[in-house]
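Whatever order the structure lists ligands and atoms in, that order sets their numbers, starting from 1.
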Amino acid sequence: MRFIGNKQNIIEKIYSLININNVKGKSFFDVFAGTSSVGKFLKKQGFAVYSSDLLYFSYVLQRAYIQNNSIPQFEKLLKELNFHSTSLFSTPLDLVIEFLNTNLNLTKEGFIYKNYTNGGTENNDIQRMFFTDENGQIIDSIRQTIELWKTNNLVSEDEYYILIACLIETVPFYANISGVYSAFHKKWDSRALKKLVLRPIEIITNNKNNQSFNINSLEIIDKINTDIIYLDPPYNHRQYAPNYHILETIAKYDNPNIKGVAGLRSYENQKSNFCNKENAYIELRKIATNAKYSSLILSYNNEGLMDSEIILDILKQFGKVQFIEFDYLRFKSNNHGINQDKKTIKEQLYILNKYE
Ligand SMILES: C[S@@+](CC[C@H](N)C(=O)[O-])C[C@H]1O[C@@H](n2cnc3c(N)ncnc32)[C@H](O)[C@@H]1O
């Protein structure tokens, strides 16, 4: 998924760096989980994984990828639907996805259609173009169907989160945006014009007791005892919640009050202290002091709010610290989003092995 700070492309490198720097253990806490890409990777390596994030749509992904530990069978639902696949090799999840892709009655009564499409907002002061009319209706119909299945006890809790996670992973491929939901394009991007087809997510199992949370991680940091804690906090002033507000609303589907050109929901309780320089140092010190760990890994970059000398000063009070920097090429839009400039930033890794 396109998500600021997603570590999907560098988690293998991070993992090899922590391995050669004497980080050992069997349990891992992904304290700022985001897309879950780090937790997923560590779960595959056999770690017992804990994860947490302020965002509810992140929690949905964590529940589906991290906490769920079995291949969903959808027994009750498939019996009720009496639906048969056109393919011989479909898994139960594939089958449910195929049903949702082929058997929906589209509705114009959903929150996404009414607030984030051209048709739904045509009589409003602000007309929004986040999704085509058809895709807005498809998103609502899928989301409402999943909720109905849950209300009618046709899906288990794990199956419910897996289906919403499929929708959350699919939607960004059809959104008429540059990557974040704080603005939409004034002309249609060709990707957004394609009809939305729901995609299944990867199911990962590892026989460990993995657990996910939707909470300010600072509130649980002293209650979870793991060998390794991994910190990948926000790097700058930009809060995550407003940038991903539509994914949050699709996940919660709670008819929020929205405002402004982008139709933002309120995010009062989802602000991160890491988006302010002075508070970020305080939070980092709190985590290093109160968390229960043998090794602490911090991902950051050279454009972040916190200075590396001060980070090192804080971490060195607790044990031996390795500081590693490596180049990471990313694309950065210019002011008008027209050209894409290649920009190399330095990805930073702080590895603290605590004194006994
Ligand atoms: C840089 S992103 C993490 C990216 C993630 N490692 C990935 O690969 O997708 C930072 C995340 O921290 C979350 N966050 C910020 N402050 C938090 C806090 N105090 N407690 C829990 N989550 C927080 C944000 O919502 C965001 O998802």
Using a strict threshold of under 4.0 Å (side-chain N to carboxylate O), is an ion pair present between E147 and K150? no
Note every protein N or O atom lying under 3.5 Å from an N or O atom of ligand 1, pairing the names and giving the distance.
{"residue": "ligand 1", "atom": "6 (N)", "partner": "D232", "partner atom": "OD2", "Å": "2.7"}
{"residue": "ligand 1", "atom": "8 (O)", "partner": "K7", "partner atom": "N", "Å": "2.8"}
{"residue": "ligand 1", "atom": "8 (O)", "partner": "S37", "partner atom": "OG", "Å": "2.7"}
{"residue": "ligand 1", "atom": "9 (O)", "partner": "T35", "partner atom": "N", "Å": "3.0"}
{"residue": "ligand 1", "atom": "9 (O)", "partner": "T35", "partner atom": "OG1", "Å": "2.6"}
{"residue": "ligand 1", "atom": "16 (N)", "partner": "S272", "partner atom": "OG", "Å": "2.7"}
{"residue": "ligand 1", "atom": "19 (N)", "partner": "N216", "partner atom": "OD1", "Å": "2.9"}
{"residue": "ligand 1", "atom": "20 (N)", "partner": "S217", "partner atom": "N", "Å": "2.9"}
{"residue": "ligand 1", "atom": "20 (N)", "partner": "S217", "partner atom": "OG", "Å": "3.4"}
{"residue": "ligand 1", "atom": "22 (N)", "partner": "L54", "partner atom": "N", "Å": "3.2"}
{"residue": "ligand 1", "atom": "25 (O)", "partner": "D53", "partner atom": "OD1", "Å": "2.7"}
{"residue": "ligand 1", "atom": "27 (O)", "partner": "D53", "partner atom": "OD1", "Å": "3.4"}
{"residue": "ligand 1", "atom": "27 (O)", "partner": "D53", "partner atom": "OD2", "Å": "2.7"}

Are there over 12 heavy-atom neighbours, none belonging to K277, within less than 6.0 Å of that residue's NZ? yes
Q137 meets the side chain to side chain donor-acceptor pair (under 3.5 Å) criterion, sequence neighbours left out, with none
Charged N to carboxylate O under 4.0 angstrom, D327 versus K346? yes
With a 6.0 Å cut-off (strictly less than), is the heavy-atom count around CD of E12, excluding the residue itself, greater than 12? no
Check: Y240 ring centre within less than 6.0 Å of F3 ring centre: yes
